[in-house]
Amino acid sequence: MNFEFSEEQLMIQQAARDYAQRELIKDVLERDASGEFPTHHIKNLADLGFLGMLVDTKYDGGGMDTVSYVLAMEEISKVDSSCAVVMSVNNSLVCYGIEKYGSEEQKEKFLKPLARGEKIGAFLLSEPEAGSDATSQRTTAIDKGDHYLVNGTKNWITNANSGSTYLVIAQTDAAKGHKGINCLIVDKNSPGITLGPHEDKMGMRSSDTHSVMFNDVKVPKENRIGEDGFGFKFAMKTLEGGRIGIASQALGIASGAFERSVQYAKERKAFGKEIGYHQAVAFKLADMAVKIENARNLCLKAAWLKDQGKPYGTASAMAKQYAADIAMEVTTEAVQIHGGYGYVKEYHVERLMREAKLTQIYEGTSEIQKIVISRDVLS
Ligand code: CAA
């Protein structure tokens, strides 16, 4: 076993840390209040190569490994999870899905601009009545010979407005159940697509989340990924990697709140000494440190397995479930350590607590991860 990072991995981590601590921090509170999409930051992150970091250089990506991705995601998420989720969806759902399962033509046409960060991708699986129960797709993609006709509604779609390349999961043949589902690459500007209003969310308020309505949208047949009926398996396989991204995001939220708590505990005095030297606070910090270290190791293990070409579905579910759950615990304790200041926005920890909550919900709730893990344990 080797717990050392390579020089390249450390450089990537440092570049992400520098950008987050120097630039994202400047307007993260304003954007949390306004919900404004961080257009200029996403452009800068693209220029730094973070939007397509996992994509092979031959498709204009960064050619970086998944371990580097975990390190970068943690650093960005310590400061601004709204930017981190754009990065995660683009890299590990949309780019990965097209690179792994798309045709050469699809990679040329759709992957390259996504990898360069010129376009942003969105992953349209969830529906008003199909969130956790993802096989119950109501959106239809009816086979019309040379094209599909798509109708239906998708919900809670990250990057719905900022993104222009959609991966849409839809039912082509209901009689075949999940084997009748396809994934289509859809241009957001296609006639018949409309967006619901920007969701007024509890956290990650400046990532753009909308419902997306499809009304007789024509999608060329060549935009289908894989064989007819591959769409559900495509979604499941792609989410295995997506969950490494969200696990790393949860890790970053937890470690961001932890770093702020350590700093505060060293400065704030009560009863004649810094609060960190009172056992009530010191033990909280110790518990937080252990949980974060465990979460980091689970994220890195899942990433390492993926980089080695070994199965990583259970490992990524473990990383996501654990990191998301401890992110909620750690950020809640961070608010407690900060006391009254923790309840005030300028100290950031209440925002991190609100952001942590979403990591227990999207890309598969903590309960869904336990389904995935327990099925493997019992198999
Ligand atoms: N890899 C390959 N195939 C898989 C798979 C995997 N990881 N998981 C399931 N499958 C296959 C099964 O083998 C089965 O195929 P066969 O019938 O050929 O054997 C088929 O898929 C159906 O699987 P199940 O019978 O296990 O299906 P299920 O109805 O019991 O559900 C589930 C499985 C794991 C609960 C799944 O529905 C699930 O993951 N739900 C959560 C959905 C989710 O994560 N949504 C997130 C939305 S995306 C998002 O949030 C992005 C964003 O914007 C941030």
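Note that ligands are numbered from 1 as they come in the structure, with each ligand's atoms numbered from 1 the same way.
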Proximal ligand 1 atoms for [X], defined as those under 4.0 Å from one of its heavy atoms:
| X | answer |
| --- | --- |
| A134 | 37 (O), 42 (C) |
| S126 | 47 (C) |
| K179 | 17 (O), 18 (O) |

- Kindly check if the number of other-residue, nucleotide or ligand heavy atoms within 6.0 Å of NZ (K301) is above 12? no
- Message: Would you say that more than 12 heavy atoms from the other residues, nucleotides or ligands in this model lie under 6.0 Å from the CD of Q336, or not?
- Response: no
- Query: Does atom 12 (C) of ligand 1 have any protein heavy atom closer than 4.0 Å?
  - Reply: no
- Message: Tell me whether atom 25 (O) of ligand 1 lies less than 4.0 Å from at least one protein heavy-atom position.
- Response: no
- Message: Please tell me whether D133 and S136 have a donor and an acceptor in their side chains that are separated by less than 3.5 angstrom.
- Response: yes
- Query: Regarding T172 and D143, is there a side-chain donor-to-acceptor distance under 3.5 Å anywhere?
  - Reply: no
Ignoring hydrogens, just give me the one of [options] whose non-hydrogen atom is nearest [atom].
| atom | options | value |
| --- | --- | --- |
| atom 3 (N) of ligand 1 | E367, K233, Q369, R375 | K233 |
| atom 39 (O) of ligand 1 | R243, K320, E363 | R243 |
| atom 41 (C) of ligand 1 | S132, S316, A130 | S132 |
| atom 9 (C) of ligand 1 | E127, E240, H178, M236 | M236 |

- Quick one: are I244 and K320 in side-chain contact, heavy atoms under 4.5 Å? no
For ligand 1, which part of [X] has a heavy atom less than 4.0 Å away: the side chain, the backbone, both, or neither?
| X | result |
| --- | --- |
| V89 | side chain |
| T158 | both |
| L239 | side chain |

- Do R296 and E293 sit within salt-bridge range, that is, some charged N less than 4.0 Å from a carboxylate O? yes
- Message: Check E127 with R138, please: is the shortest side-chain N to carboxylate O separation under 4.0 Å?
- Response: no
- Item | Test item: N182 side-chain N/O and G229 main-chain N/O as donor-acceptor pair under 3.5 Å | yes
- Check whether any side-chain N or O of K201 sits under 3.5 Å from a backbone N or O of M204 as a donor-acceptor pair, and report yes or no. yes
- Counting both backbone and side chain atoms, is some N or O of G364 under 3.5 Å from an N or O of ligand 1? yes
- Task: Classify the angle between the aromatic ring planes of Y347 and Y264 as parallel (below 30°), tilted (30 to 60°) or perpendicular (above 60°).
- Result: perpendicular
- Would you call the rings of Y96 and Y101 parallel, tilted or perpendicular if under 30° counts as parallel and over 60° as perpendicular? perpendicular
What is the nearest protein non-hydrogen atom to [atom], stated with its residue, atom name and distance?
| atom | result |
| --- | --- |
| atom 42 (C) of ligand 1 | G131 O, 3.8 Å |
| atom 34 (C) of ligand 1 | V372 CG2, 4.0 Å |
| atom 1 (N) of ligand 1 | K237 CD, 3.0 Å |
| atom 48 (S) of ligand 1 | F123 CD2, 3.9 Å |
| atom 45 (N) of ligand 1 | L125 CD2, 3.8 Å |
| atom 27 (O) of ligand 1 | T135 CG2, 4.2 Å |
| atom 35 (C) of ligand 1 | I368 CD1, 3.8 Å |
| atom 23 (O) of ligand 1 | F232 CE2, 4.0 Å |

- Task: Take K218 and Y148 through the side chain to side chain contact (heavy atoms under 4.5 Å, CB included) test and state the conclusion after the steps.
- Result: CA-CA 6 Å; K218 273 173 89 169; Y148 289 99; over 6 Å; no
- Message: Are Y19 and H41, when compared by the centres of their aromatic rings, separated by less than 6.0 Å?
- Response: yes
